[in-house]
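Notes follow once the structure below has been shown.
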Amino acid sequence: MTPTPLTRTRRDGTLYTRRPEVEAVLGSLLDMPREDVLAALAVRDPRSPTYIPTECVVHLLRQTRYDNGDTYFGALYREVMRRADAMLPRVQGERIGERENVHAAAARERVKDAIDLKLSEDLHSPGPGLDYFEVMFADAVATLRSTSNRSFRRDSARTQPLERDAETNEPSIEVERAVGSLDVAQELLSDDPIYRSRVAAAIDSLPDNQRRVIEMILQDMPLDSSDDNVLSIRKVLDVVEKTVRNRRDAAILNIRETLGIGTTDE
Amino acid sequence: MNDINRFELEEILHEFAAEPSHDVATLERYLRAHPAYAESIVDMSLELRLREAATVASAPADEAWLDSAWDSFQSTMAMAAALAPVSDPFAAASAKPLREVRAGLGVPSGVVEGFRTRIVDVATVPDRFLRALAWELNATLDGLRGFLCGAPRLSEGMSFKADDAPRPAATKISFEQLLIDARVPEEDRVRLLADGD
């Protein structure tokens, strides 16, 4: 059976389409009895040749609007959520009460709620709302996480530690040393996946204004530039250069503290 | 942020996410094109970076969380279904013309009419046929079931000539009886009454 085409369009009017490999797998899945589909979902290793792309699972889930028998629907729903969970920053069991994990757990709940809302809308009145999830599931989850976090981050930012008055505070010598000795880009490339995910969670739990400076530094954008053609961090954020530096320093101190690295004096 | 801007922002972020590369050139292009959304675009760029850093870590699935997510979704759906008014899938704007529904199901018009007037007892209809009818009507299975549970009603678009005002049927009939009344040949009846996937 040929899967129904997507209906979501880009702003330039072109239609979003599924990737060819997703279309191909979907074509055969739609002809399979449900027991076989459920058996195929038991393959959990994304590297396996028989692993079903998540985009396909989303399509099958949407199709259940014509018959959402609990067992089949429940299995598909859980599989979609299981894979969404795997794409989010980890909630590490042994550090469950730590700040970055509280943050990760709250973010996961908001992503779940956002998917639930889109799914129940889609089941009740079919529309293009979930089409993005059939194009590239991981990207759609990342977008959802990014948009659903906005208001939450604003509310929670003032409770974060080491939030200094960015306009007036001069960084101390200790701060300068600590900043100089932590290369965030390198930390994110650590060979240890658990450590790497902790670095990611630490960055993610930063206040908005610090986190954005870190991302632009990681993109090698200059803090400031006298050349009008160069897009600097200062220009994007529309602040003075001193503020950019202060935010960067505060961010790195926060990351160090979250990771329990301490300063160079310790 | 109002809803329209939010919708536009989501579109921009989805397009950004779908870019083949998220290097500084791509980031700058989006920042220059949408300065009003600069902060959200930077957030998205970091989101994609952190995902790459974090997803390689393999951790066992959090089954307890999945259980609670499923429970909460089920109760949300049950509540939504209970609160939703029962709508007429035959009158919905998305419904096909009845002749197409009839052709899609391979039954005479009397059978479709039996569903439209709710004279058929939904409990006697095989799931497979109900699913096919929901599909043809572009309705949900639950929505169709909810509609069919209502009392029989008069057929629309027919004229009556009688001394008394026309009244809908007082009792419902079985699906099999409906097929017989609509003169469906026996071999077709057997096929339509069969259940299963």
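Residue numbers begin at 1 in each chain, while the letters A, B, ... track the order of the sequences.
- Using a 4.5 Å cut-off between heavy atoms, A:Leu218 touches chain B through backbone and side chain atoms alike.
- For a residue to count as touching a neighbouring chain, one of its non-hydrogen atoms must lie under 4.5 Å from one of that chain's; by this rule A:Met136 does not touch chain B.
- A parallel orientation is assigned to the rings of B:His14 and A:Tyr132, their planes being inclined by less than 30° (bins at 30° and 60°).
- Ring orientation note: the planes of A:Phe73 and B:Phe73 are close to parallel, at an angle under 30° on the 30°/60° scale.
- Not a single donor-acceptor pair under 3.5 Å links the side chain of B:Glu47 to the backbone N or O of A:Asp139.
- Rounded to the nearest 0.5 Å, atoms CG (A:Leu231) and CZ (B:Arg32) are 4.5 Å apart.
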message: Test side-chain contact (heavy atoms from CB on, under 4.5 Å) on B:Asp43 and A:Glu215; report intermediate values, then the result.
response: CA-CA 8 Å; B:Asp43 287 345; A:Glu215 168 57 13; over 6 Å; no
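- Looking at A:Arg11 and B:Ile12, their side chains come closer than 4.5 Å, going by heavy atoms from C-beta outward.
- Atom CZ in A:Arg108 sits 5.0 Å away from atom CH2 in B:Trp65 (nearest 0.5 Å).
- Looking at A:Gln63 and B:Trp135, their side chains never bring a donor and an acceptor atom within 3.5 Å of each other.
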- request: Show your reasoning for whether salt bridge (charged side-chain N to carboxylate O under 4.0 Å, His left out) applies to A:Arg10 and B:Glu19.
  value: CA-CA 12 Å; A:Arg10 294 185 184 80; B:Glu19 291 285 345; over 6 Å; no
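- Using a 4.5 Å cut-off between heavy atoms, A:Asp220 makes no contact with chain B at all.
- Within the 4.5 Å cutoff, the side chain of A:Asp85 has no heavy atoms near those of the B:Leu66 side chain.
- Proximity of a side-chain donor or acceptor of A:Gln219 to a complementary backbone N or O of B:His22 within less than 3.5 Å is detected.
- Heavy-atom distances place no part of A:Arg83 under 4.5 Å from chain B, backbone and side chain included.
- With chain A as the partner, the residue from B:Pro35, B:Ser45, B:Ala18 showing the most heavy-atom pairs under 4.5 Å is B:Ser45.
- A distance of 9.5 Å separates CZ of A:Arg211 from CD of B:Glu39, quoted to the nearest 0.5 Å.
- To the nearest 0.5 angstrom, B:Leu46 atom CG is 10.5 Å from A:Met216 atom CE.
- Taking 4.0 Å as the cut-off between side-chain N and carboxylate O, A:Arg82 and B:Glu63 count as a salt-bridged pair.
- Between A:Lys112 and B:Ser72 the shortest side-chain heavy-atom distance falls below 4.5 Å.
- Here A:Leu119 is the residue among A:Val141, A:Leu119, A:Ile214 with the most heavy-atom pairs under 4.5 Å with chain B.
- With a threshold of 4.5 angstrom between heavy atoms, A:Val230 approaches chain B through N, CA, C or O but not through any side-chain atom.
- Atom CD of B:Glu10 sits about 8.0 Å away from atom OG1 of A:Thr143, to the nearest 0.5 Å.
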